[in-house]
Amino acid sequence: MKKCYCGSNQAFEECCQAIINGTAKANTSEALMRSRYTAFVIADINYLMNSHHKSTRPTKERKSILKWTKSVNWISLNIISTKSGDENDTEGWVEFKAVFTENNQIQDIHENSYFVKENNTWYYKSGDHK
Ligand SMILES: [Zn+2]
């Protein structure tokens with residue numbers, strides 16, 4: 001079994017891959033967060049754009065995001081805390097730390113991300129860097 005990149009200990013096929021390819025839905029903002037991390041790892045720019053709320057979607061940075069995520073080596077995702085974001089919520093927050101190496105240097109992104117749910121679909125809207 002190939003474990004999912006998001007660190008869930010589940011099979012990749014049943015975890016983020018199913019959400020990314022649309023056979024499963026992210027029921028919580030944490031699930032969407034995990035799938036977006038995995039999309040960075042596998043450089044699925046279409047999914048990263050589609051799961052980003054249209055009001056803040058960085059369409060112009062599409063190419064540079066793709067180039068950047070391909071240039072770094074993703075190591076791990078740690079979910080630090082979540083607030084709301086459950087199936088019956090319409091907004092949620094996920095604080096996480098994502099670790100990667102860039103030019104052989106360990107780096108991390110520590111962010112509190114904000115998600116909204118519209119038409120029963122979770123979207124990433126914005127993030128506060130820690
Ligand atoms: Zn996963």
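Every value quoted in this text rests on a predicted model; they were computed, and no experiment measured them. Just so you know, ligand 1 is whichever comes first in the structure, and atom 1 is the first atom listed for that ligand.
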*Around the Zn ion (ligand 1), list the protein N/O/S atoms within a radius below 2.8 Å, excluding water molecules.*
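Near the Zn ion (ligand 1), below 2.8 Å, one finds Cys4 SG, Cys6 SG, Cys15 SG, Cys16 SG.
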*Just say parallel, tilted or perpendicular for the rings of Trp68 and Trp74, cut-offs at 30° and 60°.*
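Answer is perpendicular, since the angle exceeds 60°.
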*Parallel, tilted or perpendicular: which fits the ring planes of Phe115 and Tyr124, with parallel below 30° and perpendicular above 60°?*
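Answer is perpendicular, since the angle exceeds 60°.
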*asked:* Between Ser113 and Glu111, is there a side-chain donor-acceptor contact under 3.5 Å, judged purely by atom types and distance?
replied: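 Short answer, yes.
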*If you measure only the distance, is there a donor-acceptor pair under 3.5 Å linking the side chains of Asn21 and Thr23?*
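The answer is yes; a qualifying pair exists.
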_Whether Glu118 and Lys54 form a salt bridge (side-chain N of Lys/Arg under 4.0 Å from carboxylate O of Asp/Glu) is what I want to check._
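So Lys54 pairs with Glu118 through a salt bridge.
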_For Tyr114, does the six-membered ring have the charged nitrogen or CZ of Lys125 within the cation-pi criterion, i.e. under 6.0 angstrom from the centroid and within 45° of the normal?_
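Judged by the rule (NZ or CZ under 6.0 Å from the ring centre, within 45° of its axis), Lys125 is not positioned above Tyr114.
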